[in-house]
Amino acid sequence: MAERSTAAVDVADNSDDTSLTAQADQSTADGVAQNRERDTDSDEVQESTRTDGAGSTSPPELHSGHKLARRYRLEECVTRLDGFSSWRAVDEKLRRAVGVHILPADHSRARSVLAAARSSALLGDPRFVQVLDAVEENDVVYVVHEWLPDATELTTLLASGPLEPYDAYQMVSQVSSAMAAAHREGLAHLRLNPNAVLRASTGQWRIRGLAVNAALRGVASDTPQRTDTEAIGALLYAALTQRWPYESDAYGLSGLPKDIGLIAPDQVRAGVHRGLSELSMRALANDGATASRHESPCTTPEELVKAIGEMPRIRPPEPAFTAPPEYQRTTYQQGTYGRQAPRPGVTQPITTPPPPLQSRTGKALKWAVSALLIAALGLGSWQLADALMDQGGKNEDPGQTQTNEGNDKSPKKPISKPIAIKGAQDFDPLGNDGSENPDEIDRLYDNVPGTYWETSFYRSADFGRLKSGVGVILDLGKVQDVGKVTVSFKGDTSVELRAASGAATQPQSLDGYTKVAQGSGTTVALKPSESLKSRYLLVWLTKLPLTAEGNYRGRVVDIKVTS
């Protein structure tokens, strides 16, 4: 959960039911009260009916400064609704911000909330905001979850306009694959909306409230996969058009005009990516969209992931470079820094600098340098003459046989030369979207100190057990002799060098690259044990270092290739 304005309320629904919300507890310090989650789509549109009514039990009377388990100090109440309350809190043991949902132990949904929280915590997927604790204590049930200070809600992102096609593609791809993994474990979200989807500063998309938000609100569905798939389609529709694909306004977005039905995104707004437009309609076809000109509807997140995989991959936009301004000399560069500014209209006299080294000190310095030069020339001449005499004496020795036939068969060691990297590409064949921060890839060989390419963050050094590695492909322009690849990291990192020997085209799978060297450390010299000719090299990270933020991620500062 993101901090302050990005945190907002992940479970609130104030669709004109103001009596449920205690206005005295609304916080305006972080913009929550001004931009609360507005579920004005009224659960009938996206969700099935609730299994139970709103609990009549009042939420516990808590206040800022109250501690749970002598550890979690409540800081700010962001929601008080339907008998439960949500807080921003501080974990005093680990000194980090967390989010807490609290409701009475005798609340009608307390048991289901505990069960949902514990099931979500067992999933352990880093694409979801993690549940850290779920406890029943002192007649109170509370659920503790992550609070992400560097993340931004999709609601906030859409307030400034639709997403670019690449960003929308990344969002729907990552959210779909995450939900497909959750459904394989028997978990559903059922309240997937723009307030539940967050984008971290690294570009990774994360989902909060898996199973828990629905349990807090008593939401259930007979077709959970279909419900979540349609919600993903609505997210993509909103990302492409900045409109909510229903007649009612919701999440700060305007709904569609009444009595015209659901129309494709590329008919709502010009310039919408055609493939993404059709993908959103295939997911939204569950709610009556006209799919006659589209392919078969997607009714599960797994089908949506498959449909995304069949689309041509959308590349990130090329970075825009602006021409630097014309060079202007400043007063500091002209040597006038700190001097009084001349009065306008007054001609300033130009002081002629004195001839160099005309002082007594300058003359002494010139004589000292001259003496050193003469001494150096004399010493060099003497050493040269001595060497020539020794060589002449050896040549005149009758016991020596001189051969000048040039038949020396001793092998000459080839001179190592740098090989220019013509291009690079992120390589994540085992990931969900096949991408790993491609917009930073040029930093690998830009020769600029302090820049680096980094992976996404993971829960453990072995990529959270989600995959065996991630890397970058280097294009040398043509097949060349490769002698050594030197890789510099931030933090001890395990790495392998793999090569596509003699490949005319770049392999797209990990099997297309053969491991030729490996190592670990902050600066690793990868030398193939045998001679290597290749155009495409794969630097494959296999173990990540721990960062100061408490997660694991690889950071490649520089790569040098030599023959």
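For the residue pair Ala214 and Leu190, the shortest heavy atom distance occurs at CB-CB, 3.9 Å. Residue Leu276 comes nearest to Pro165 through the heavy atom pair CD1-O, 3.6 Å, listed as atom of the first residue, atom of the second, then distance. Of all the heavy atoms in Ile559 and Ile421, the pair that sits closest is O-CD1, 3.8 Å. Of all heavy-atom pairs spanning Ala196 and Arg191, the tightest one is CB-O, 4.0 Å. Across all their heavy atoms, Ile314 and Tyr166 have their closest contact at O-CD1, 3.3 Å. Summarising the geometry of Ser534 relative to Val482, their closest heavy-atom pair is O-CG2, 4.2 Å, with the distance given to 0.1 Å.
Using a 4.0 Å cut-off between a side-chain N of Lys or Arg and a carboxylate O of Asp or Glu, Asp475 and Arg535 qualify as a salt bridge. Classification of Glu146 and Arg206 as a salt-bridged pair holds, one side-chain N sitting under 4.0 Å from a carboxylate O. Look at Arg184 and Glu302 and you find a salt bridge, because one of the NZ, NE, NH1 or NH2 atoms lies within 4.0 Å of a carboxylate O, short of that distance. Asp428 and Lys467 are joined by a salt bridge, as a carboxylate oxygen and a charged side-chain nitrogen come within less than 4.0 angstrom of each other.
Inspection of the Ser456 and Asn437 side chains reveals no N or O donor paired with an N or O acceptor under 3.5 Å. Donor-acceptor pairing under 3.5 Å is recorded for the side chains of Glu549 and Thr547.
Proximity of the aromatic rings of Tyr552 and Tyr458 is defined here by a centroid distance below 6.0 angstrom, and this criterion is not met.
No donor-acceptor pair under 3.5 Å is formed between the side chain of Ser120 and the backbone N or O of Ala116. With Arg95 contributing its side chain and Val90 its backbone, the two residues share no donor-acceptor pair below 3.5 Å. The backbone N or O of Thr523 lies less than 3.5 Å from no partner atom in the side chain of Ser488, so there is not a single donor-acceptor pair. Of the possible donor and acceptor atoms, none in the side chain of Glu530 sits under 3.5 Å from a partner among the backbone N and O of Pro528. A donor-acceptor contact shorter than 3.5 Å is absent between the side chain of Ser86 and the backbone of Val78. Put simply, the side chain of Gln204 never gets that close to the backbone of Ala200: no donor and acceptor are under 3.5 Å apart. Within the 3.5 Å criterion, the main-chain N or O of Ala238 finds no donor-acceptor partner in the side chain of Gln242. The closest donor-acceptor contact from the side chain of Ser280 to the backbone of Ser277 lies under 3.5 Å. A donor-acceptor distance shorter than 3.5 angstrom exists from the side chain of Thr493 to the backbone of Gly491, with no hydrogens or angles considered. No donor-acceptor pair closer than 3.5 Å links the side chain of Arg555 to the backbone N or O of Lys490.
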Verdict with supporting geometry, Arg282 and Ser296, side-chain contact (heavy atoms from CB on, under 4.5 Å): CA-CA 7 Å; Arg282 292 179 65 182; Ser296 59; 3.9 Å; yes
Let me see the working for Gln225 and Thr229 under side-chain hydrogen bond (donor to acceptor under 3.5 Å, both in side chains), right down to the final yes or no. CA-CA 6 Å; Gln225 295 203 58; Thr229 304; over 6 Å; no
Set out, in order, the CA-CA distance, both residues' side-chain angles and the distance that settles side-chain hydrogen bond (donor to acceptor under 3.5 Å, both in side chains) for Ser520 and Ser494, then state yes or no. CA-CA 4 Å; Ser520 62; Ser494 297; 4.5 Å; no
Applying side-chain contact (heavy atoms from CB on, under 4.5 Å) to Leu94 and Asp91, what does each step give before you reach the verdict? CA-CA 6 Å; Leu94 298 180; Asp91 183 349; 3.7 Å; yes
Criterion side-chain hydrogen bond (donor to acceptor under 3.5 Å, both in side chains) on Gln425 and Gln506, from CA distance to verdict: CA-CA 11 Å; Gln425 177 184 337; Gln506 176 181 321; 3.1 Å; yes
Could you walk me through whether Asp511 and Ser509 satisfy the side-chain hydrogen bond (donor to acceptor under 3.5 Å, both in side chains) test, starting with their C-alpha distance in whole Å, then the side-chain angles of each, then the deciding distance to 0.1 Å, before giving a yes or no? CA-CA 5 Å; Asp511 295 337; Ser509 65; 5.1 Å; no
List the steps, then state whether side-chain contact (heavy atoms from CB on, under 4.5 Å) holds for Leu497 with Leu538. CA-CA 6 Å; Leu497 177 63; Leu538 172 59; over 6 Å; no
Determine, stepwise, if the pair Val143 / Val100 fulfils side-chain contact (heavy atoms from CB on, under 4.5 Å). CA-CA 5 Å; Val143 176; Val100 183; over 6 Å; no
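A side chain to side chain contact (heavy atoms under 4.5 Å, CB included) with Glu436 holds for exactly one of Val472, Leu541, Asp426; it is Asp426. The only option from Phe427, Trp540, Tyr536 that meets the ring-ring contact (aromatic ring centres under 6.0 Å, His included) definition with Tyr513 turns out to be Phe427.
Atoms CH2 and OG, on Trp244 and Ser254 in that order, are 13.0 Å from each other to the nearest 0.5 Å. Taken from CD in Glu185 to CG in Leu123, the straight-line distance is 6.0 Å, to the nearest 0.5 Å. Taking CG of Asp125 as the reference point, atom CZ of Arg459 lies at 10.0 Å (rounded to 0.5 Å). Between atom NE2 of residue His183 and atom CE of residue Met179 there is a gap of 4.0 Å, rounded to the nearest 0.5 Å. Annotation: the span from Met311 atom CE to His273 atom NE2 amounts to 5.5 Å, rounded to 0.5 Å. One distance of note links CD1 of Ile419 with CG of Asp481; it measures 7.5 Å at 0.5 Å rounding.
With a 4.5 Å cut-off on side-chain heavy atoms, Leu158 and Leu163 count as touching. Leu256 is listed as a side-chain neighbour of Leu262, based on a closest heavy-atom distance under 4.5 Å. The shortest side-chain heavy-atom distance between Leu154 and Leu235 falls under the 4.5 Å cut-off. Residues Glu440 and Glu454 have side chains in contact (heavy-atom distance under 4.5 Å, counting atoms from C-beta outward). Between Leu192 and Val175, the closest side-chain pair of non-hydrogen atoms falls below 4.5 Å. Residues Trp87 and Val98 fail the side-chain proximity criterion, which asks for heavy atoms closer than 4.5 Å. By the 4.5 Å heavy-atom criterion applied to side chains, Asp266 and Arg274 are counted as neighbours. A heavy-atom distance below 4.5 Å is not found between the side chains of Cys298 and Glu230.
Remark: Gln130 CD is packed, more than 12 non-hydrogen atoms of other residues, nucleotides or ligands lying under 6.0 Å away.
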